[in-house]
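A quick write-up on the structure given underneath.
Computed from a prediction, not measured in an experiment: that's the story for all the values here.
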Amino acid sequence: MKQFNYTIKDELGLHARPAGLLVKKTGSFKSNIQITKNDKSADGKRILGIMSLGIKQNDEITVTVEGEDEKEAVLELKEFFKNNL
């Protein structure tokens, strides 16, 4: 299992467009991916779950990846968040 924290910089937070892009990205991995904000978690491969977290600018999230391609997934997701959020 690997995880990393990220603080959302986008002024609109994790809204529909980047959430859709995130789901597309996470769907390319076999690993289980969870997004956590405070005490709430959501499946990183389900847009409604991600949107239900209500992630806004300056919120810190934790991304947890567990599975056979977790190393690759963490590297690519860190880059995704840096470039898109």
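A pairwise comparison of heavy atoms in G13 and I8 identifies CA-CG2, 3.9 Å as the closest pair. In this structure, T26 and G44 approach most closely via the heavy-atom pair OG1-O, 2.6 Å.
For the pair H15/I55, no side-chain contact is recorded, criterion being any heavy-atom separation below 4.5 Å from C-beta on. Contact of the E76 side chain with the F29 side chain is registered, since non-hydrogen atoms from C-beta on lie closer than 4.5 Å. No side-chain heavy atom of L14 sits under 4.5 Å from any side-chain heavy atom of L53. With a 4.5 Å cut-off on side-chain heavy atoms, Y6 and K78 do not count as touching. With contacts defined as side-chain heavy-atom distances shorter than 4.5 Å, the pair D43/K45 qualifies. Under the 4.5 Å side-chain criterion, counting only non-hydrogen atoms from C-beta, L21 is not in contact with K25. A heavy-atom distance below 4.5 Å is not found between the side chains of E66 and S31. In this structure, M1 and T64 have side chains that are in contact, with non-hydrogen atoms separated by less than 4.5 Å.
Partner L22 forms a side-chain contact (heavy atoms from CB on, under 4.5 Å) with one of I50, I33, V63 and no other, that one being I50.
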### Query
Could you walk me through whether T36 and T62 pass the side-chain hydrogen bond (donor to acceptor under 3.5 Å, both in side chains) check?
CA-CA 5 Å; T36 305; T62 301; 5.8 Å; no
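Cluster membership check: F4 shares its hydrophobic cluster with F80, using side-chain heavy-atom separations under 4.5 Å among Ile, Leu, Val, Met, Phe, Trp and Tyr. The same ILVMFWY cluster, assembled from side-chain heavy atoms under 4.5 Å apart, contains both I61 and L48.
Here the CD atom belonging to E70 is positioned 11.0 Å from the CG atom belonging to L75, to the nearest 0.5 angstrom. Note: I47 CD1 to K24 NZ = 12.5 Å, rounded to the nearest 0.5 Å. Here the CG atom belonging to L85 is positioned 11.0 Å from the CD atom belonging to Q57, to the nearest 0.5 angstrom.
Heavy atoms from other residues, nucleotides or ligands lying under 6.0 Å from NZ of K9 number more than 12.
Side-chain atoms of N84 never come within 3.5 Å of backbone atoms of P18 as a donor-acceptor pair (strictly under, hydrogens ignored).
In summary, D59 and K37 engage in a salt bridge, as defined by a charged side-chain N under 4.0 Å from a carboxylate O.
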